[in-house]
K.L.:
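Dumping the structure here so I can ask a few things about it.
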Amino acid sequence: MNGLTIKNRYVLSPMAVLQPTEDGHPSDQTIAFLTTQARGGAGLLIIGGGVATERGNQEAPFQPLMRFDHDEFIPGLRRMVDAVHEHEVPIFAQIFPSFGAMGVRAVGRPTRAASPKPARMAAPRLPHGFYIPGGRTNPTPAEITKEEILEVRGQTVAAVRRAKSAGFDGVELGAHMRYLYSSFLSPRTNWRTDEYGGSAENRARIMVDTLRAIRADVGAHYPVGLRMSTNDHLPDGQGPAGFAEVAAIIEKEGLGYIALSDANYESMDQNVASESGAILEHGEPQAFRAAMPEVPLLLSSTYDPQQCAEAITAGFADGIMLARQMLADPEFPNKVLQERQDEIVWCDHDNSCLRRLIFSVPVRCHKNPAMGREAVLAGSKEPVSVKLKRPIQGLLIAAAGSPVLMGIADKLVAAGPKASRS
């Protein structure tokens with residue numbers, strides 16, 4: 001990773017679970033969560049739920065976010081980084097400028113993407129325990145202009161500079177799911193006719209130019225990774241070979257690693273997998289390794305220790321990213337490395353954490369009652385308003401995960417137009 005050595009191959013994957021303050025600074029809970037993860041044995045922490053631009057923060061579908069769009073956030077970020085460093089664990093910031101087709105538009109502020117392709121989330125392409133009655137199609141984004149691309153590039157470079165100033169050991173550019181950067185990488189969401197569309201080289205251009213600008217600002221040795229989609233998993237989408245071709249062009253600019261993210265919001269059943277190793281079965285790490293023999297690859301959706309070891313031995317992965325499993329058991333790395341696997345608390349993939357995120361409710365894990373309350377359990381005072389909301393929030397999340405209730409809601413949504421016409 002651009003010269004950075006980590007103590008083991010387990011990586012906390014970026015998740016929007018940090019509960020920053022309402023105005024975007026790290027909170028005591030943010031720090032308590034991350035230091036708990038650091039003590040659990042991960043070799044590297046990558047934080048998610050952050051945004052590089054003011055516009056990105058305004059269009060966010062969930063709040064609050066960790067902000068990197070102004071210098072005023074640097075002191076708080078430095079306090080968080082220093083707390084993690086006390087445990088001798090490096091920490092990276094995931095940087096992405098915009099939610100793309102997943103953003104929330106406002107009057108005079110459309111969402112923006114490579115091309116005006118809306119995103120639709122609906123059954124049967126939803127993960128276990130996640131329901132959207134009637135499905136949902138987001139508003140069609142506007143095609144981002146060349147001038148706006150240049151503006152976003154400058155803002156992204158500035159955000160990386162702030163992350164470095166705050167002491168982060170590296171950054172990760174987010175080009176996955178249906179966010180702004182990812183919309184350029186697949187022909188399914190990019191049908192531009194200018195220099196940003198068409199060939200693999202053109203579709204890679206936004207990331208190539210961004211990476212060059214970052215390198216010119218922070219130097220050749222500061223670790224910069226890329227999280228990108230590996231497979232659309234849709235009939236009209238791009239497969240692993242196509243994504244790997246694009247990645248190989250970007251990698252030449254000096255990537256420290258590529259984090260492999262399977263599928264996107266329109267194929268969430270594959271992105272939020274319920275079984276370990278699905279990404280290996282799809283052949284995605286294999287395709288990326290064939291295209292890029294040297295670049296470090298971080299593997300997602302694979303938590304079975306034996307599968308992880310075999311993937312690393314085979315050369316298909318250099319690191320293992322853990323997300324939901326680390327919410328269920330932050331001690332997972334220690335337990336695996338200390339041969340205490342019989343003590344592991346396993347994620348059951350009910351995805352209540354994801355439902356909470358969608359409803360902008362503080363993320364918790366029903367397998368780990370301490371998750372999301374690390375600061376309170378360490379002695380911080382919990383606001384009365386938070387205590388009062390908790391039972392209501394629990395009922396909401398339970399109802400949203402009920403197949404029976406959501407089945408009724410789905411039928412009501414489907415019957416709505418018919419009823420209005422009768």
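Computed from a predicted structure; not experimentally measured.
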K.L.:
Roughly how far, to the nearest 0.5 Å, is CD1 of Ile320 from CD of Gln325?
P.N.:
13.0 Å

K.L.:
When you measure from the side chain of Ser276 to the backbone N and O of Asp304, does any donor-acceptor pair fall under 3.5 Å?
P.N.:
yes

K.L.:
Between Glu284 (side chain only) and Pro240 (backbone N and O only), is there a donor and an acceptor less than 3.5 Å apart?
P.N.:
no

K.L.:
For Ser352, run the side chain to side chain donor-acceptor pair (under 3.5 Å) check against His366, Arg364, Lys367 and tell me which one passes.
P.N.:
His366

K.L.:
If you count every heavy atom of other residues, nucleotides or ligands that lies below 6.0 Å from Arg340 atom CZ, does the total exceed 12?
P.N.:
yes

K.L.:
Between Tyr265 and Ser182, do the side chains contain an N or O donor and an N or O acceptor separated by less than 3.5 Å?
P.N.:
no

K.L.:
Does the Glu195 side chain pair with the main chain of Asn202, one donor and one acceptor, at a distance under 3.5 Å?
P.N.:
no

K.L.:
Please report the shortest heavy-atom distance between Glu143 and Ala114, naming the atom on each side.
P.N.:
CG-O, 3.1 Å

K.L.:
Are any of the side-chain heavy atoms of Thr210 and Val152 separated by less than 4.5 Å?
P.N.:
no

K.L.:
Side chains of Ile249 and Arg203: does their closest heavy-atom pair fall under 4.5 Å?
P.N.:
no

K.L.:
Keeping Arg215 on the side-chain end and Gly219 on the backbone end, is there a donor-acceptor pair under 3.5 Å?
P.N.:
yes

K.L.:
Arg205 vs Phe184, test: side chain to side chain contact (heavy atoms under 4.5 Å, CB included). Steps then yes/no.
P.N.:
CA-CA 9 Å; Arg205 190 178 305 277; Phe184 282 83; over 6 Å; no

K.L.:
Let's go through Leu173 and Leu255 carefully: what are the C-alpha distance in whole Å and the side-chain angles of both, what is the deciding distance for side chain to side chain contact (heavy atoms under 4.5 Å, CB included) to 0.1 Å, and is it a yes or a no?
P.N.:
CA-CA 10 Å; Leu173 301 176; Leu255 283 177; 5.7 Å; no

K.L.:
Output yes when a side-chain donor or acceptor of Asn57 lies under 3.5 Å from a complementary backbone atom of Leu65, and no otherwise.
P.N.:
no

K.L.:
Is there a side chain to side chain contact (heavy atoms under 4.5 Å, CB included) between Glu253 and Met207? Walk through the geometry before answering.
P.N.:
CA-CA 9 Å; Glu253 301 301 320; Met207 300 312 306; over 6 Å; no

K.L.:
If you look at every heavy atom in Ala113 and Leu180, which pair is closest and at what distance?
P.N.:
CA-CD1, 3.8 Å

K.L.:
Fit a plane to each ring of Phe99 and Phe96, take the angle between them on a 0 to 90° scale, and name the class: parallel (under 30°), tilted (30 to 60°) or perpendicular (over 60°).
P.N.:
perpendicular

K.L.:
Distance-only, no hydrogens or angles: does the Asn138 side chain make a donor-acceptor pair with backbone N or O of Pro118 under 3.5 Å?
P.N.:
no

K.L.:
Donor-acceptor pair, Ser267 side chain versus Asp232 backbone, under 3.5 Å?
P.N.:
yes

K.L.:
Run the side chain to side chain contact (heavy atoms under 4.5 Å, CB included) check on Arg355 and Asp350 step by step: do they pass?
P.N.:
CA-CA 10 Å; Arg355 295 196 297 274; Asp350 179 68; 3.2 Å; yes

K.L.:
Quick one: does Phe73's side chain get under 4.5 Å of Met66's, heavy atoms only?
P.N.:
no

K.L.:
Counting only heavy atoms not in His85, do more than 12 fall under 6.0 Å of its NE2?
P.N.:
yes

K.L.:
With side chains defined as the heavy atoms from C-beta onward, is the minimum distance between Phe68 and Leu77 less than 4.5 Å?
P.N.:
yes

K.L.:
Taking all heavy atoms of Val157 and all of Ala213, pick out the closest pair and write down the distance.
P.N.:
CG2-CB, 3.6 Å

K.L.:
Can you measure from CG (Leu12) to CG (Leu44) and round to the nearest 0.5 angstrom?
P.N.:
8.5 Å

K.L.:
Any non-hydrogen side-chain atom of Asn190 less than 4.5 Å from a side-chain atom of Ser115?
P.N.:
yes

K.L.:
Would you find a donor on one side and an acceptor on the other, under 3.5 Å apart, between the side chain of Asp318 and the backbone of Leu297?
P.N.:
yes

K.L.:
Pick one: which of Glu59, Gln155, Arg67 meets side chain to side chain contact (heavy atoms under 4.5 Å, CB included) with Glu54?
P.N.:
Arg67

K.L.:
Any side-chain to backbone donor/acceptor pair from Gln94 onto Glu172? Under 3.5 Å, distance only.
P.N.:
no

K.L.:
Measuring from atom OG1 of Thr30 to atom CD of Glu374, what distance do you get when rounded to the nearest 0.5 angstrom?
P.N.:
10.0 Å

K.L.:
Considering all heavy atoms of both residues, which atom of Val295 and which atom of Arg289 are nearest to each other, and what is their separation?
P.N.:
O-NH1, 2.9 Å

K.L.:
Nearest 0.5 angstrom please: Asp262 CG to His176 NE2, how far?
P.N.:
12.5 Å

K.L.:
Flag the pair Val345 / Asn368 as yes when at least one side-chain heavy-atom distance between them is below 4.5 Å, and no otherwise.
P.N.:
no

K.L.:
Nearest heavy-atom pair of Met177 and Ser261: which atoms, and what distance?
P.N.:
SD-OG, 4.4 Å

K.L.:
Quick one, Phe168 and Ile47 - any side-chain contact, counting heavy atoms below 4.5 Å?
P.N.:
yes

K.L.:
A side-chain contact here means heavy atoms from C-beta on lying under 4.5 Å apart; do Tyr222 and Val171 qualify?
P.N.:
yes

K.L.:
Would you say Glu343 has more than 12 foreign heavy atoms packed within less than 6.0 Å of its CD?
P.N.:
yes

K.L.:
Are there over 12 heavy-atom neighbours, none belonging to Arg188, within less than 6.0 Å of that residue's CZ?
P.N.:
yes

K.L.:
Step by step, work out the ring-ring contact (aromatic ring centres under 6.0 Å, His included) result for Tyr303 and Phe332.
P.N.:
CA-CA 10 Å; Tyr303 49 85; Phe332 181 85; 7.7 Å; no

K.L.:
Measure the spacing between CZ of Arg9 and CG of Leu337 and express it to the nearest 0.5 Å.
P.N.:
11.5 Å

K.L.:
OH/Tyr257 to CG/Leu4 distance, rounded to the nearest 0.5 angstrom?
P.N.:
10.0 Å

K.L.:
Which atom names give the shortest non-hydrogen contact between Val218 and Arg161, and what distance separates them?
P.N.:
CG1-CA, 4.4 Å

K.L.:
Answer with yes or no whether the side chains of Asn351 and Arg324 bring together a donor and an acceptor at under 3.5 Å.
P.N.:
yes

K.L.:
Hey, is NZ on Lys252 packed in by over 12 heavy atoms from elsewhere, all under 6.0 Å?
P.N.:
no

K.L.:
Closer than 3.5 angstrom, by distance alone: can the side chain of Ser300 be matched with the main-chain N or O of Leu260 as a donor-acceptor pair?
P.N.:
yes

K.L.:
Verify salt bridge (Lys or Arg N to Asp or Glu O under 4.0 Å) between Arg112 and Glu148, making sure each step is shown before the conclusion.
P.N.:
CA-CA 9 Å; Arg112 302 181 301 191; Glu148 290 169 336; 3.4 Å; yes

